[in-house]
Structure formats: C-alpha cells, structure tokens
Participant: 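Mind having a look at this structure? Questions to follow.
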Protein chains: 2
Amino acid sequence: MESSTDLLFKALADPTRRALFERLCLDGEATVGALTAGAGISQPAVSKHLGVLKQAGLVLDRHEGRQTHYSAQQRALAPLVDWTGRMNRFWEARFDDLEDLLKRMDQ
Amino acid sequence: MESSTDLLFKALADPTRRALFERLCLDGEATVGALTAGAGISQPAVSKHLGVLKQAGLVLDRHEGRQTHYSAQQRALAPLVDWTGRMNRFWEARFDDLEDLLKRMDQ
DNA sequence: CATATTCATAACTGGATGGTTATGAGAAAT
DNA sequence: ATTTCTCATAACCATCCAGTTATGAATATG
C-alpha cells in the first residue's frame, strides 16, 4: 500500500512533471497537445506524466471533443504544506525552548 | 547539472529517507547505529540515505570518535515551502480575482 | 599490539522509472 | 465512408535507484 503523501512526493520528484504542474498553475487549463509543445518530450511521455499527476490528485482532466484539458488542483498540495509545517514546528519548538532557557537564565 | 530544488524533492521522495529525516526532526541528533536500529534496513543502506539527505542539505553530520551524529537542518526545507507558496499564490490570486469580480458585480 | 566497534564505500542485483516507437480508440472534418 | 486529428495505451529499452553483502578505515578497548 502506498500512502497518498508518498504518491504526492514521488509525483513532484520528477522535474518534467513539476514543470507541467507549474505551467498548469501559472497558465491554467491546457490540452495535452499544448503541454507537449512546450515539454521537449513526446506526447505519450507527457500523457504518462499527466497520468501520474492525476493519480496523485494534482491535476484534473476534462474531456471536450477529441481533446483532453488538464488543470492544476492546488489543494492537493495541502499534505505537503502540512508536512513541512510539522517538520518546522519542531524546529520552532526547540527554538522556543532555547528562548525560554535564555529568559530563565536572564532572571 | 541538477538544481538544488530538484535535489530536495528527490531526497524527500523516498519514504525511508523521509522517515529518517522526520526522526531527526522529532528526536534531534542521532548516530548512524541508532538510526539503523529503527530503520529496518542494513547499516550501509542507512548510510547511503543519510548521504543523499546530506547532499540535499537536509542533514548535518558531526564526527565524534568513531561515531557520526546526524541532525536535521530544517532550514533546507525553505525552497520547498517557497515553491508550494508560489504554486498556491496563483490559486489565491485567481481566487482574489473572482472575489473582485463578484464585488464589482455586486455594486 | 591485537581485537572490537562504528561507519563509509565498493560491487553487485532486481525492480522501478522515464523515455522511445507503434498502434488503437474516438471525435471531427471532408 | 474515409480521412484526419488528438490522445491514451502497449511494448520495449536504457538508466537509475534502493537494497544487499563484503570489506576497509578509523577509533576505542583489552
């Protein structure tokens, strides 16, 4: 079983995939053809990347005639934001402890 | 050439590596032996993971006698936080635009 | 000095992964 | 109906990667 957080990190680990997601964030919805034009790789490769992003919940697809429009689903980044927050909270906590210690030493 | 952001994402993509980093964040400094005890994999595997984390700037190592102490360097998460921020800003911006539009329509 | 401990590195292996070309499915156009 | 267009999937390949065992380097211990 693979956790959804794991899927998320793995999906974003590939730079080509991140670039696709970034473009969708910046420019909004785009077709596979449009995305392929700027990606520097073949259309099937782009489709596969989009499949991975979709599985991670990072993009949505919408079928319109013979083309598929993909769009970013920024909400899917939430677990990543939460995780970094948790990791940093401990840092801040330890920082606060240090401050407390210094304060107590000052008295 | 591999960007430092890329190194960061790739380093965190592996669940074993994330677990090691999380442990260092939670419990602070630890030796390779201690980390190996809880990792469920061989010591060389742990050492390799720590090497990857170190290269990504996520951990620091301190040699003391014959043991090496590793500690989390939470600051290294900054680019990740920035990136998620940038990706979400556009979402918020578009959200703000929608709010503006609704406001203007309301007048 | 000899031995034990702790970690890092080397060499290897199986499986995942990112790319390719070929092809098929479905919708539009002629 | 045939052709064209857009995308997804299949099959394949090279490379990367996470794990292993074996071993060496450096430090502590007897």
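Sequence lines set the chain letters: A, B, ... in the order given, protein chains first and strands last, and positions in each chain run from 1.
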Participant: By a strict heavy-atom criterion of less than 4.0 Å, which residues belonging to residues 40-58 of chain B are in contact with DNA chain D?
Facilitator: B:Ile41, B:Ser42, B:Pro44, B:Ala45, B:Lys48, B:His49

Participant: A:Tyr70 has an atom OH; how far is it from atom C1' of D:dA8, in whole Å?
Facilitator: 8 Å

Participant: Between C1' on C:dG18 and CG on B:Asp6, what's the gap in Å once rounded to a whole number?
Facilitator: 13 Å

Participant: Can you tell me the distance, in whole Å, between the CG atom of A:Leu7 and the C1' atom of C:dT17?
Facilitator: 14 Å

Participant: Find the distance B:Arg18:CZ to D:dA18:C1' and express it as a whole number of Å.
Facilitator: 15 Å

Participant: So do the side chains of A:Cys25 and A:Gln74 get within less than 4.5 Å of each other, counting heavy atoms only?
Facilitator: yes

Participant: Would one find a side-chain N or O of B:Thr68 under 4.0 angstrom from OP1 or OP2 of D:dA26?
Facilitator: no

Participant: Between C:dA8 atom C1' and B:Glu64 atom CD, what is the distance in whole Å?
Facilitator: 18 Å

Participant: Closest nucleotide of DNA chain C for B:Asp61 versus for A:Asp14: which of these residues is on the 5' side?
Facilitator: B:Asp61

Participant: Flag yes if A:Leu26 and A:Leu60 sit in one hydrophobic cluster, no otherwise; membership is Ile, Leu, Val, Met, Phe, Trp, Tyr, and two members link when side-chain heavy atoms are under 4.5 Å apart.
Facilitator: no

Participant: Please check this pair: side chain of B:Arg17 against backbone of B:Leu12, looking for a donor-acceptor N/O pair closer than 3.5 Å.
Facilitator: no

Participant: Nearest whole Å is fine: how far is D:dA8 P from A:Arg62 CZ?
Facilitator: 13 Å

Participant: Treat each ILVMFWY residue as a node, draw an edge where side-chain heavy atoms are under 4.5 Å apart, and state whether B:Ile41 and B:Val52 are in one component.
Facilitator: no

Participant: Just checking A:Thr36: base, sugar-phosphate only, or nothing, at a heavy-atom cut-off of under 4.0 Å?
Facilitator: nothing

Participant: For A:Ala76 and A:Leu8, work out which heavy atoms get closest and say how close.
Facilitator: O-CD2, 3.4 Å

Participant: What is the distance, to the nearest angstrom, from the CD atom on B:Gln67 to the C1' atom on C:dA8?
Facilitator: 15 Å

Participant: Is any side-chain N or O of B:Arg66 under 3.5 Å from a base N or O of C:dC7, one able to act as donor and the other as acceptor?
Facilitator: no

Participant: Keeping the roles fixed (side chain from B:Arg75, backbone from B:Gly57), state whether a donor-acceptor pair exists under 3.5 Å.
Facilitator: no

Participant: If I take atom NE2 in residue A:His63 and atom P in nucleotide C:dA25, what distance separates them, rounded to the nearest angstrom?
Facilitator: 17 Å

Participant: Fit a plane to each ring of A:Trp83 and B:Phe21, take the angle between them on a 0 to 90° scale, and name the class: parallel (under 30°), tilted (30 to 60°) or perpendicular (over 60°).
Facilitator: tilted

